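Here is the structure we will look at, set down as structure tokens.
Whatever order the structure lists them in is the order used to number ligands and atoms, beginning at 1. Being a predicted model, the structure only gives us computed values, none of them experimental.
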Amino acid sequence: MEVKNPMMENRILYVRLPCNPIFPIGVVYLSDHVHKQFPQIEQRIFDLGTVPPLDYTFALDRCVDEFQPTLLVFSWRDIQIYAPVGGRGGNPLQNAFEFYYAKNPLVKLRGALGGLRIFIAYYVELWRNLGLIKRGLKRAQKYNSDARAVVGGGAVSVFYEQLGKSLPQETIISVGEGETLLEKLLSNRDFRDERCYIVGESQPRQRLIHEQPTPLEKTACDYDYIENIWPEFNYYLQDRDFYIGVQTKRGCPHNCCYCVYTVVEGKQVRINPAEEVVAEMRQLYKRGIRNFWFTDAQFIPARKFIDDAVELLQKIVDSGMTDIHWAAYIRADNLTPQLCELMVKTGMNYFEIGITSGSQELVRKMRMGYNLRTVLQNCRDLKAAGFQDLVSVNYSFNVIDERPETIRQTIAYHRELERIFGADKVEPAIFFIGLQPHTHLEEYAFKEGILKPGYNPMSLMPWTAKKLLWNPEPLGSFFGEVCLQAWQQNPNDFGREVMKILEEKLGCADLEAALSAPIITKDKQLASVL
Ligand code: B12
Ligand code: SF4
């Protein structure tokens with residue numbers, strides 16, 4: 001009797017669900033990996049990020065009809081929308097703050113209406129994406145009754161527990177990187193030990209997201225192949241402003257209290273070989289790409305990875321790609337003068353530092369492991385090496401134990417950064433922490449009675465959203481009013497305006513006070529939560 005090889009029959013359709021046009025590096029890497037393991041399997045990438053909203057269903061139907069997949073790999077990038085910038089349905093942070101904190105009833109009403117618009121847009125988007133998954137699967141089952149759906153990506157990794165309630169039976173829900181899960185699934189091996197669960201068959205395991213990902217040696221993505229299976233690939237090559245994603249490592253060893261990256265990617269840092277990263281960049285370079293985003297959770301996660309960063313940047317120099325630019329999240333406590341020089345030489349023209357506060361005391365309480373004095377010194381080195389571009393410094397006020405004194409310290413710290421880089425080059429990005437599941441901050445919220453276990457982290461109901469948009473009293477209303485004033489006075493330069501107003505109201509501390517942290521009192525320490 002002939003033994004059928006199930007691998008031969010698979011036809012995989014990767015559907016990147018609607019998203020702002022950010023290069024869909026996740027599905028590109030997955031399909032590349034699958035191709036390297038199973039070269040005979042037919043694959044296609046379909047990116048709804050490049051399709052106008054009115055055409056989503058029609059375009060998906062057409063693609064499924066044409067390709068007739070047996071496996072649908074849905075990749076869902078983002079769900080959460082709080083940011084200090086205009087989101088898809090307006091500025092969610094501004095609307096929420098107007099609704100919660102405005103004293104003027106007309107502004108409150110505007111906030112309520114804006115909030116309602118965003119609320120509707122959010123749920124419409126959520127249901128629409130769930131609907132697209134169901135629709136795509138059902139249509140594929142017309143051609144292959146065994147067709148199956150796997151769902152993963154950034155948003156699924158954060159909200160995997162909640163999404164299971166709304167997805168079709170037998171859908172596989174995946175957390176974190178999906179390469180080994182797909183590999184096992186396609187070779188008919190048991191994949192349940194990967195970070196996943198099956199809707200209708202099992203509940204997600206306790207602490208599933210905290211399990212370590214299966215180790216994987218990453219090789220350069222084969223863009224000749226990707227071009228073949230992705231008819232719209234050119235979309236991202238036409239606009240020269242796009243920063244195309246390239247991953248140089250996975251994992252972050254830190255413990256910052258609000259951050260879920262460290263569990264999504266795992267604490268173990270896995271470096272992709274520098275020559276493979278450069279080989280991947282060169283393929284994109286040959287196609288005209290000059291802007292790259294190193295999509296690592298952190299480009300230099302700790303001091304012991306400085307040598308790896310040096311090796312990579314040196315290889316970029318050696319490769320002759322001298323007219324590129326790149327950007328990344330950078331822990332600026334892990335720089336050396338040599339690394340700074342290479343960063344400038346290889347064209348780093350934007351980076352984000354997530355120090356969250358300019359008060360060493362609070363940085364310590366948030367378990368961030370930053371030494372703010374070292375960050376300043378390294379920034380001076382970077383400037384001395386010739387860095388003249390933009391730095392975005394992420395601040396999130398009021399996370400824990402914030403006081404007028406610590407706000408003054410943050411201002412002092414920010415002013416020092418401005419002295420180093422130039423005021424026009426340092427952009428204060430004011431985020432309010434959106435509380436995320438599986439973080440220390442969530443544990444803290446349970447302990448303090450702010451949230452109850454079993455709450456829905458995806459809820460945008462005003463009473464839940466107010467807690468998830470972390471801005472607790474007694475300072476909550478104060479920050480609310482400061483932000484409202486900033487939007488009113490200078491909406492186009494919100495971050496700088498917030499800093500200015502805070503300084504007018506509270507003054508500025510001595511830099512030395514910002515840099516020295518007193519002994520931490522036990523009761524408010526996040527470290528005592530777990
Ligand atoms: C780099 C990054 C950015 C960069 C992107 C730069 C660029 N040009 O690519 C910048 C700074 C621009 C950015 C912006 C934003 N980001 Co961002 N970003 C990230 C980060 C750190 C890495 C994403 C990445 O590219 N990783 C590398 C690739 C290879 O991994 P991947 O795409 O996740 O794919 C892997 C797995 O997810 C999985 N997978 C993917 N799809 C599927 C499907 C299946 C079936 C399976 C099995 C597996 C699977 O396998 C893939 C390969 O290993 C993640 C956090 C993180 N550590 O994951 C947040 C993250 C994706 N961002 C997030 C958000 C919210 C945003 C913003 C919307 C924030 C905001 N409110 O403004 C913005 C705007 C984005 C937009 N759409 O407009 C969220 C999304 C989840 C959520 N909370 O809703 C994340 C997860 C962070 C978080 N914890 O909140 N971001
Ligand atoms: S905030 Fe940055 S450094 Fe901290 S755990 Fe998250 S990725 Fe790592």
Side-chain angles (χ1 to χ4, degrees), residues 12 14-33 49 71-88 92-93 149-159 171-182 185 191 194-196 213 216 218 221 236 242-247 250-267 269 291-298 300-302 327-331 333 350 352-356 366-370 392 394 429 431 434 436-440 457-458:
I12 309 179
Y14 296 83
V15 182
R16 208 272 285 258
L17 288 165
C19 182
N20 285 354
I22 283 197
F23 189 72
I25 186 70
V27 292
V28 167
Y29 281 3
L30 288 175
S31 54
D32 175 64
H33 180 79
L71 184 67
L72 290 112
V73 174
F74 288 99
S75 183
W76 193 338
R77 189 186 189 281
D78 49 51
I79 285 182
Q80 233 167 16
I81 49 172
Y82 293 127
V85 289
R88 287 185 276 274
L93 188 67
V150 200
V151 182
V156 180
S157 298
V158 178
F159 301 112
T171 303
I172 303 166
I173 297 189
S174 160
V175 174
E177 56 205 69
E179 281 88 343
T180 43
L181 166 62
L182 290 185
L185 177 66
F191 56 81
E194 291 294 320
R195 299 198 294 171
C196 68
L216 178 81
K218 172 92 175 63
C221 177
Y236 292 94
F242 271 127
Y243 276 72
I244 301 292
V246 172
Q247 201 176 34
R250 290 181 177 176
C252 178
H254 292 280
N255 259 323
C256 306
C257 69
Y258 52 80
C259 180
V260 73
Y261 297 12
T262 179
V263 279
V264 169
E265 293 194 15
K267 287 202 185 304
V269 177
N291 295 328
F292 299 90
W293 189 293
F294 293 136
T295 60
D296 315 351
Q298 286 295 343
I300 319 153
Y329 290 127
I330 305 272
R331 271 196 72 113
D333 50 344
Y350 176 77
E352 296 195 11
I353 324 182
I355 51 174
T356 307
M366 289 185 282
R367 298 172 151 211
M368 302 192 57
Y370 269 111
S392 170
N394 298 354
F431 283 85
Q436 298 208 315
H438 318 291
T439 58
H440 299 302
M458 286 173 68

Region of Phe74 engaging ligand 1 - heavy atom pairs below 4.0 Å: backbone
Proximity flag Ser157 to ligand 1, non-hydrogen atoms under 4.0 Å: no
Side chain, backbone, both or neither: Ile22 near ligand 1, heavy atoms under 4.0 Å: side chain
Ser174 versus Gly176, closest heavy-atom pair with distance: OG-O, 4.0 Å
Ligand 1 contact on Gln247 by region, counting heavy-atom pairs under 4.0 Å: side chain
Non-hydrogen atom of Phe23 closer than 4.0 Å to ligand 1: no
Proximal ligand 1 atoms for Arg250, defined as those under 4.0 Å from one of its heavy atoms: 52 (C), 53 (O)
Numbered atoms of ligand 1 (with element) below 4.0 Å of Tyr243, judged on heavy atoms: 8 (N)
Enumerated ligand 1 atoms positioned under 4.0 Å from heavy atoms of Glu177: 36 (C), 38 (C), 50 (O), 53 (O)
Atom indices of ligand 1, in the order listed, that fall short of 4.0 Å to a heavy atom of Val260: 89 (N)
Any side-chain heavy-atom pair of Phe23 and Val28 under 4.5 Å: yes
Thr262 (side chain) donor-acceptor with Cys252 (main chain) under 3.5 angstrom: yes
Close-contact set for ligand 1 against Val150 heavy atoms, below 4.0 Å: 45 (C), 47 (C)
Under 2.8 Å from atom 6 (Fe) of ligand 2, the protein N, O or S atoms, given as residue and atom: Cys259 SG
Numbering as shown, the atoms of ligand 1 that approach Ala155 to under 4.0 Å (heavy-atom distance): 81 (C)
Option set Glu179, Glu265, Met458, criterion heavy-atom distance to atom 57 (N) of ligand 1, minimum: Glu265
Shortest non-hydrogen contact from Cys256 toward Met368: SG-CA, 3.7 Å
Per-residue contact class, Arg16 against ligand 1 - non-hydrogen pairs under 4.0 Å: neither
Sub-4.0 Å atoms of ligand 1 with respect to non-hydrogen atoms of Val73: 43 (C), 44 (C), 45 (C)
Contact (N/O only, under 3.5 Å) between Ser75 and ligand 1: yes
Parallel, tilted or perpendicular: ring planes of Tyr243 versus Trp293, cut at 30 and 60 degrees: perpendicular
Heavy-atom closest pair, residues Ala155 and Ile79: CB-CG1, 3.5 Å
Arg16 versus Ile22, closest heavy-atom pair with distance: NH2-O, 2.6 Å
Heteroatom proximity flag, Gly178 to ligand 1, N/O under 3.5 Å: yes
Which atom of Pro21 lies closest to which atom of Phe242, heavy atoms considered: O-CE2, 2.9 Å
Side-chain (Glu179) to main-chain (His33) donor-acceptor, under 3.5 angstrom: no
Note, Pro437 side chain near Val260 side chain (heavy atom, < 4.5 Å): no
Sub-4.5 Å side-chain heavy-atom contact between Leu185 and Val150: yes
For the student: nearest non-hydrogen atoms of Tyr370 and Ile330, plus distance: OH-O, 4.2 Å
Donor-acceptor pair between Tyr258 and Thr356 side chains, under 3.5 angstrom: yes
Identity of the nearest option to atom 32 (O) of ligand 1, non-hydrogen atoms only, from Gly26, Ala327, Ser174: Gly26
Ligand-residue contact atoms, ligand 2 with Arg331, heavy atoms, under 4.0 Å: 3 (S)
Spacing of OG belonging to Ser75 relative to CD1 belonging to Ile25, to within rounding of 0.5 Å: 11.0 Å
Minimum side-chain heavy-atom gap Arg195-Pro213 below 4.5 Å: yes
Any Gly176 heavy atom less than 4.0 Å from ligand 1: yes
contact_flag Val151 ligand 1 heavy-atom lt 4.0 Å: yes
Side chain to side chain, Tyr261 and Gln298, heavy atoms closer than 4.5 Å: no
Ligand 1 contacted by Phe242 (non-hydrogen, < 4.0 Å): no
Ile79 contact mode with ligand 1 (heavy-atom cut-off under 4.0 Å): both
Heavy-atom donor-acceptor pair, His254 side chain to Pro301 backbone, under 3.5 Å: yes
Flag side-chain contact, heavy atom, 4.5 Å: Ile172 against Leu181: yes
Which of the ligand 1 atoms, numbered from 1, are nearer than 4.0 Å to a heavy atom of Gln436: 83 (N), 88 (C), 89 (N), 90 (O)
Heavy-atom proximity to atom 13 (C) of ligand 1, best of Lys218, Arg195, Arg77: Arg77
